[in-house]
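In this chain, numbering begins with 1 at the start of the sequence shown. It should be emphasised that the depicted structure is a prediction, and the values quoted were computed from it without experimental measurement.
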Amino acid sequence: MGKKGLKFFLFIVNILFFIAGLVTFAIGVWTATDRIFMSDIIGSNLYSSASYMMIISGIVITLVSILGCVTSWREMRFGVLIYFIILLFIFVFLVIASILAVVFRGELEDVMSKSMGETLIKQYGNDIERNAENRAVTKAWDLTQERLECCGVDSRGWEIYRESRWYRDQPNTAIKFVPVSCCKNIHVNRITRTRHCQETTMGPPAVTEGGKNDYLFYQGCYDAAYTFVMDQAGILLAIGFSFSIVLICGLVLSLCLFRYIKRTPTENRATSAPL
């Protein structure tokens, strides 16, 4: 393959980089604005940090693709070298990030389950008018339960609300066993169905045994959140794998092009200058 062929294929690679950068940036923005609601209850900032890292990575990848197009097309030998070095750093970063993701996965699962139980029992609905942190946790729990269609932490574990400050602080005249965010199918005849979900004595959530409550989410939020996070991770893994293949192609092509491009007279004088 000659120099023109290398320039052409490297240009194609950089177009793919540019597209990958835009996709990564868009997913990062989408995650940060619409999917970050769980960060307050899972006991880790990794989810929100990953969103912001994707935004930054998308910007960097887009800029690097532009650098690669310009330097390779104009045969800027030093620029191609800088481009190669940046790609090498990105590749090493991807490898380290993948290793850390595998190492900390089990630890994150344990922290996530424990934190979800603690935030629900101690902070949900507790003095939310004056306590901003508890207010944020309560909002996060309600959004999680509504969007992921779940209730409590463990599946069929709606009874955890009986241990919460939210439950204990209710007036005795109007005890509700679960919040409205645990209720489903309440868009029609909302008042009656919400009451049946929260207060029924014919089955859950009023008693452990009994008939199924058709208006209560039975899936636990830990399982729902875990599935949600793994689905997101699967998308990122597919993007990362595809990007790594293109990245290796970019490394090889840029190195080959660097060797093809002749040195400028200035570089030749610098190399041949006596010590």
Peer 1: For the atom pair NZ (K139) and CD1 (I128), what is the distance rounded to the nearest 0.5 Å?
Peer 2: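 So the gap between those two atoms works out to 11.5 Å.
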Peer 1: Locate the shortest heavy-atom distance separating R130 from R135; write the atom from each residue and the value.
Peer 2: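 Of all heavy-atom pairs spanning R130 and R135, the closest is N-NH1, 4.3 Å.
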Peer 1: Looking at CZ of R162 and OH of Y167, how far apart are the two atoms once the value is rounded to the nearest 0.5 Å?
Peer 2: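 Reported value, rounded in 0.5 Å steps: 5.5 Å.
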Peer 1: Within a strict 4.5 Å, meaning less than it, do heavy atoms of the L216 and C151 side chains meet?
Peer 2: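 Yes - at least one pair of side-chain heavy atoms lies under 4.5 Å apart.
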Peer 1: Counting distance only, does the side-chain N/O of Y218 pair as donor-acceptor with the main-chain N or O of N213 below 3.5 Å?
Peer 2: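 Yes, Y218 side chain to N213 backbone: donor-acceptor pair under 3.5 Å.
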Peer 1: Working to the nearest 0.5 Å, report the span between CG of N14 and CZ of F17.
Peer 2: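 Rounded to the nearest 0.5 Å, the CG-CZ separation comes out at 6.5 Å.
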Peer 1: Looking only at heavy atoms, what is the nearest atom pair of C182 and Q145, with distance?
Peer 2: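 Shortest heavy-atom separation between C182 and Q145 comes out as SG-OE1, 3.4 Å.
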Peer 1: In a single word, yes or no, tell whether C183 and C197 have an SG-SG distance below 2.5 angstrom.
Peer 2: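 Disulfide present: SG-SG distance under 2.5 Å.
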Peer 1: Can you confirm whether the side chains of T119 and W141 place a donor and an acceptor under 3.5 Å from each other?
Peer 2: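 Present: a donor and an acceptor within the cut-off.
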Peer 1: If you compare all heavy atoms of D223 against all heavy atoms of S155, which two are closest, and at what distance to 0.1 Å?
Peer 2: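 Taking D223 first and S155 second, the nearest heavy atoms are OD2-OG, 3.1 Å.
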Peer 1: For a 4.5 angstrom cut-off between non-hydrogen side-chain atoms, does V64 reach L87?
Peer 2: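 When only atoms from C-beta onward are counted, L87 and V64 do touch, with a gap below 4.5 Å.
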Peer 1: Donor-acceptor pair, distance only, cut-off 3.5 Å: does the side chain of N134 make one with the backbone of N126?
Peer 2: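 Present.
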Peer 1: Heavy atoms, side chains only, cut-off 4.5 Å: are I82 and T71 in contact?
Peer 2: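 Side chain of I82 against side chain of T71, heavy atoms only: no contact under 4.5 Å found.
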Peer 1: Is the distance from the ring center of W158 to that of F177 below 6.0 Å?
Peer 2: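 Centroid separation for W158 and F177: 6.0 Å or greater.
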Peer 1: Is V70 linked to L253 within one hydrophobic cluster, defined over Ile, Leu, Val, Met, Phe, Trp and Tyr using a side-chain heavy-atom separation of less than 4.5 Å?
Peer 2: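 Not linked; separate clusters.
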Peer 1: Can you label the angle between the Y124 ring and the Y161 ring as parallel, tilted or perpendicular, going by 30° and 60°?
Peer 2: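 The rings of Y124 and Y161 stand perpendicular, inter-plane angle above 60°.
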Peer 1: Is the closest side-chain heavy-atom distance between I86 and I90 below 4.5 Å?
Peer 2: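 Yes. Closest side-chain heavy atoms under 4.5 Å.
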Peer 1: Taking the side chain as every heavy atom from C-beta outward, state whether Q123 and E133 have any pair of such atoms under 4.5 Å apart.
Peer 2: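 The answer is yes, as the side chains (C-beta and beyond) meet within the 4.5 Å cut-off.
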Peer 1: Please round to the nearest 0.5 Å and tell me the distance separating atom SG of C256 and atom CZ of F84.
Peer 2: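 Reported to 0.5 Å precision, the distance equals 10.0 Å.
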Peer 1: Under a single-linkage definition using a 4.5 Å side-chain heavy-atom cutoff for Ile, Leu, Val, Met, Phe, Trp and Tyr, are I85 and V246 assigned to the same hydrophobic cluster?
Peer 2: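 Yes: a chain of side-chain contacts under 4.5 Å links I85 to V246.
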Peer 1: Can you check whether V178's main-chain N or O pairs, donor with acceptor, with Q198's side chain at less than 3.5 Å?
Peer 2: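 Yes; judged by distance alone, with no hydrogens or angles, the pair exists.
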Peer 1: When you look at CZ of R168, are more than 12 heavy atoms from neighbouring residues, nucleotides or ligands closer to it than 6.0 Å?
Peer 2: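 Result for CZ/R168: enclosed.
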Peer 1: Got a donor-acceptor contact below 3.5 angstrom from the R165 side chain to the I121 backbone?
Peer 2: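 Here the side-chain-to-backbone pair does not exist.
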Peer 1: Which is it for Q170 and K176 under the side chain to side chain contact (heavy atoms under 4.5 Å, CB included) test, yes or no, and what are the steps along the way?
Peer 2: CA-CA 8 Å; Q170 292 185 74; K176 295 177 175 59; 3.3 Å; yes
Peer 1: Enter the distance from I19:CD1 to S65:OG here, rounded to the nearest 0.5 Å.
Peer 2: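 The OG atom of S65 is 9.5 Å from CD1 of I19, to the nearest 0.5 Å.
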Peer 1: Are M76 and Y83 grouped together when hydrophobic residues (ILVMFWY) are joined by side-chain heavy atoms under 4.5 angstrom apart?
Peer 2: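 No; Y83 is not reachable from M76 via cluster members.
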Peer 1: Between S181 and D142, which heavy-atom pair has the shortest distance, and what is it?
Peer 2: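 So the two residues come closest at OG-OD1, 2.7 Å.
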Peer 1: Quick one: do L88 and I248 end up in the same hydrophobic cluster if we chain Ile, Leu, Val, Met, Phe, Trp and Tyr together by side-chain heavy atoms under 4.5 Å apart?
Peer 2: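 Result: yes, single cluster for both.
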Peer 1: Which heavy atom in G125 sits nearest to a heavy atom in T138, and how many Å separate them?
Peer 2: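 Looking at all heavy atoms of both residues, the closest pair is N-OG1, 2.8 Å.
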Peer 1: If you measure from OH on Y222 to SG on C150, what distance do you get to the nearest 0.5 Å?
Peer 2: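 If I round to the nearest 0.5 Å, the distance is 13.5 Å.
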Peer 1: List the atom of S57, the atom of T24, and the distance in Å for their closest heavy-atom pair.
Peer 2: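 Result for this residue pair: CB-CG2, 4.4 Å.
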Peer 1: F258, F89: one ILVMFWY side-chain cluster at the under-4.5 Å cut-off?
Peer 2: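 Yes, same cluster.
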